[in-house]
Number of protein chains: 2
Amino acid sequence: MATILDVAREAGVGVGTVSRVINGRERVAPDTRARVLKVIERLEYSPNQSARSLSMGRTDAICVLVPFLTSASVNARLQGVVEALRSSGREVTLRVADTPEQRDQAIAAIVGGSKPAGLMVISLPLSEVTIAELRSAEVSTVAIDVALPGVPSVTVDDVAGGKLATQYLLDRGHRAIGFVGDDDEQKLGFRSSTNRRLGYLQAMADSGLGVQPEYIKTGPFGREVAHRLTRELLSLEDRPTAIFAASDTLAFGVLESVAAHGLSVPEDISVIGFDDVELAPYVGLTSVRQPLFESGKLGAAALLSLLDGTDVDDVPLSLTVVERSTVSDR
Amino acid sequence: MATILDVAREAGVGVGTVSRVINGRERVAPDTRARVLKVIERLEYSPNQSARSLSMGRTDAICVLVPFLTSASVNARLQGVVEALRSSGREVTLRVADTPEQRDQAIAAIVGGSKPAGLMVISLPLSEVTIAELRSAEVSTVAIDVALPGVPSVTVDDVAGGKLATQYLLDRGHRAIGFVGDDDEQKLGFRSSTNRRLGYLQAMADSGLGVQPEYIKTGPFGREVAHRLTRELLSLEDRPTAIFAASDTLAFGVLESVAAHGLSVPEDISVIGFDDVELAPYVGLTSVRQPLFESGKLGAAALLSLLDGTDVDDVPLSLTVVERSTVSDR
DNA sequence: ATCCGTTCTGGAAGCGGTTCCAGAATGCTC
DNA sequence: GAGCATTCTGGAACCGCTTCCAGAACGGAT
């Protein structure tokens, strides 16, 4: 492997000059530059990243921080991120934090250790002080699926999405609409289920409809939990005619539960999900679609331009309901 | 951030000694070690990875090399890998190579650049010379879902799997069995489809059955292609009563195509897939199951012990058919 | 011709580790 | 108590880059 010294010697210049042409920030005489470039080409020189990092006190990698990989939606976003980052030639490091401790540890490693050039946060809420740390460590950050104050974020309006889903059911004549979602208090502080429920409540209120408290069921995340919650919903005296699940994963649990109850969808009960994950079309689930893969691509593109020095704004993404076969008119 | 010099000064020892206690290979007097350890604790010292890498000429990260992220099976394996690697505290870098050029570029970056401590190869065949390069760069490597000569590999026996699937259909009375798979000649050299077809042919031969060449359809990877191939199969004069798809992804395409043809599964035609991806149960696809997530975990564990200095063997994984609702007796 | 301001350039210092070597300390034998 | 082997230890040299500073080269004004 050639080093910068080899290049300098071969080109008859000093190492400083070579460094300057590589980084291209400072000015170098055109012919000197050309000569150095030629030698670099000939020697197939490529700078040693470790040396570079040591000297500059930061890596040029991009770190992708996710709460977990097993979630279909997070996974789809990650795919988009990786796809868009590929062309940049930067190293991509992956950190998963599915507990607050792991999250804090990851942040500590980022700001106090590897100091990546950029950080891509997917779905994981971060505290103000964390964001301040990131900023003072000069780690350019972009968030996807979570609005972080002062950080460009690629998001959808979950409240509007909740309204959309609910209104869709209302438009089809449903009045008794149940909600199945995640608990408000979660260790990692996810807000989307809560916001979608807010939208649900608003839509109901806007239609002049009250909501019985028993129609709203929340629990810790997971399909099995949704299964249980649905059972409770179904054993109500006047059970709802439709259920809005705050995510597709929950909707699948709802669907299972309904089947286990000997009822059929959509004849006996309608179900609408949220996210439109890859599985949804296979199951025929009607769902509020948000562009998952796309969000990853857009987020990564935003991060890349941030690193390029151009400011970027928040990117709002729109929501549509994809009609399939789990909702019927009433 | 404290440096090794701070620790040395504070503990009243030389930097060499601190380095020795950190790395723990060479011997240091017990009380000296204790003293240094205490200072490290107090100063919350953690070694600068860039400096370490520069000095040692290698990173302590683990690189995961995949052909693409969008494949459900590769994705599931990756999840297992990340899960198992998490506890190691090592940085995980992700490289995707979906063309031979990208693969070669990734390898060049690995052996000539970042020099990670370990490399986890998922599903991607590598040439002998590549493997030699890796070895001479002292990058410990473990492969998953692909047998690399001289590299510990976590694999299933695809030929046996092909036989298993075919025998399952034969046992249910099918005699006219079609095969839908990937082309043999693929740019990245995947072998599993070919091997599964070999198993299919063997099973047929073992039962004294011949196979009409038109029953075997292959094409470039993808669900749409499977769709087309199936159409060809279905328009045959004496069309098969069952189809073995070399992967679940292909099987989904087969299923779509059958439906588009106005036929129903399994009444008119049976279908069996391979892999048992996350989607399979939702679609009710009968499939040859291989432990995807598990393979990732095992591979990562093997890599970790390799890095620990303990030799590891190949890990063979077993196959079972998961009966669902796409195969019926004949 | 001299002087001054620009532009360019060489190279030393520094980033924070590892490793090697020489010397100090220790323990043992005779 | 001297001599020797063994264990420990300090610190310089080095890894390959960036950055800063001082000086060279050059052009224009006087």
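Numbers restart at 1 for each chain; the letters A, B, ... are given by sequence-line order, proteins then strands.
- Here the P atom of nucleotide D:dA25 and the CG atom of A:Asp31 are 15 Å apart, to the nearest Å.
- Nucleic acid contact class of A:Ser50 (heavy atoms, under 4.0 Å, all strands): none.
- Regarding B:Gln49, its CD atom lies at a distance of 18 Å from the P atom of C:dC15, rounded to whole Å.
- The nearest whole Å value for the distance from the CG atom in B:Leu43 to the P atom in C:dG16 is 14 Å.
- Residue B:Leu54 has its side chain nearest to D:dC15 when only D:dC15, C:dT18, C:dC15 are considered.
- No side-chain donor from either of A:Gln186 and A:Arg191 sits under 3.5 Å from a side-chain acceptor of the other.
- A close approach under 4.0 Å does occur between a side-chain nitrogen or oxygen of A:Thr17 and OP1 or OP2 of C:dG10.
- For A:Asn23, a side-chain nitrogen or oxygen approaches OP1 or OP2 of D:dT18 to under 4.0 Å.
- Remark: the A:Thr3 side chain and the D:dG16 base include no donor-acceptor N/O pair separated by less than 3.5 Å.
- Comparing D:dG10, C:dT18, C:dT9 against the side chain of B:Ser55 picks out C:dT18 as the nearest.
- Whole-Å rounding puts the B:Ile4 CD1 to C:dG14 P distance at 19 Å.
- Projected onto DNA chain D by closest heavy-atom contact, B:Met56 and B:Gly12 fall at different nucleotides, the more 5' of which corresponds to B:Gly12.
- When only modelled atom types and interatomic distance are considered, B:Ser53 and B:Ser50 share no side-chain donor-acceptor pair under 3.5 Å.
- Partner of A:Arg95 under the side chain to side chain contact (heavy atoms under 4.5 Å, CB included) criterion, out of A:Val64, A:Val66, A:Ile110: A:Ile110 alone.
- B:Thr32 comes within 4.0 angstrom of the backbone, heavy atoms only, and of no base.
- A straight line from CZ of B:Arg58 to C1' of C:dT19 spans 16 Å, rounded to a whole angstrom.
- Between the side chain of B:Arg20 and the base of C:dG17, no donor-acceptor pair under 3.5 Å is found.
- In this structure, B:Glu26 places its CD atom 12 Å from C1' of C:dC21, rounding to the nearest Å.
- Looking at A:Arg77 and A:Glu294, no side-chain N of the basic residue comes within less than 4.0 Å of a carboxylate O on the acidic one, giving no salt bridge.
- Taking only side-chain atoms of B:Ala51, from C-beta outward, the nucleotide of C:dA12, C:dG16, C:dT9 with the closest atom is C:dG16.
- Put simply, CE on A:Met1 is 22 Å from P on D:dC14, counting in whole angstrom units.
- A side-chain donor from one of B:Ser71 and B:Ser73 sits under 3.5 Å from a side-chain acceptor of the other.
- Rounded to whole Å, atom P of C:dG16 lies 10 Å from atom NZ of A:Lys115.
- Out of D:dG10, D:dC17, C:dG17, the shortest distance to the side chain of B:Val13 is found at D:dG10.
- The aromatic rings of A:Phe190 and A:Phe68 are tilted relative to each other, their planes meeting at an angle between 30° and 60°.
- Which of D:dC17, D:dG10, C:dG16 sits closest to the side chain of A:Asn48 comes down to D:dC17.
- Residue-to-nucleotide proximity on DNA chain C shows that, of B:Val18 and A:Val28, the 5′-proximal contact is made by A:Val28.
- Across D:dT9, C:dG10, D:dT18, the shortest atom-to-atom separation from the side chain of A:Ser19 is found for D:dT18.
- OP1 or OP2 of C:dC8 sits under 4.0 Å from a side-chain N or O of A:Arg27.
- Donor-acceptor pairing under 3.5 Å, judged by distance alone, is absent between the side chain of A:Arg52 and the base of C:dG16.
- Nearest nucleotide to the B:Ala29 side chain, out of C:dT9, C:dC15, D:dT9: D:dT9.
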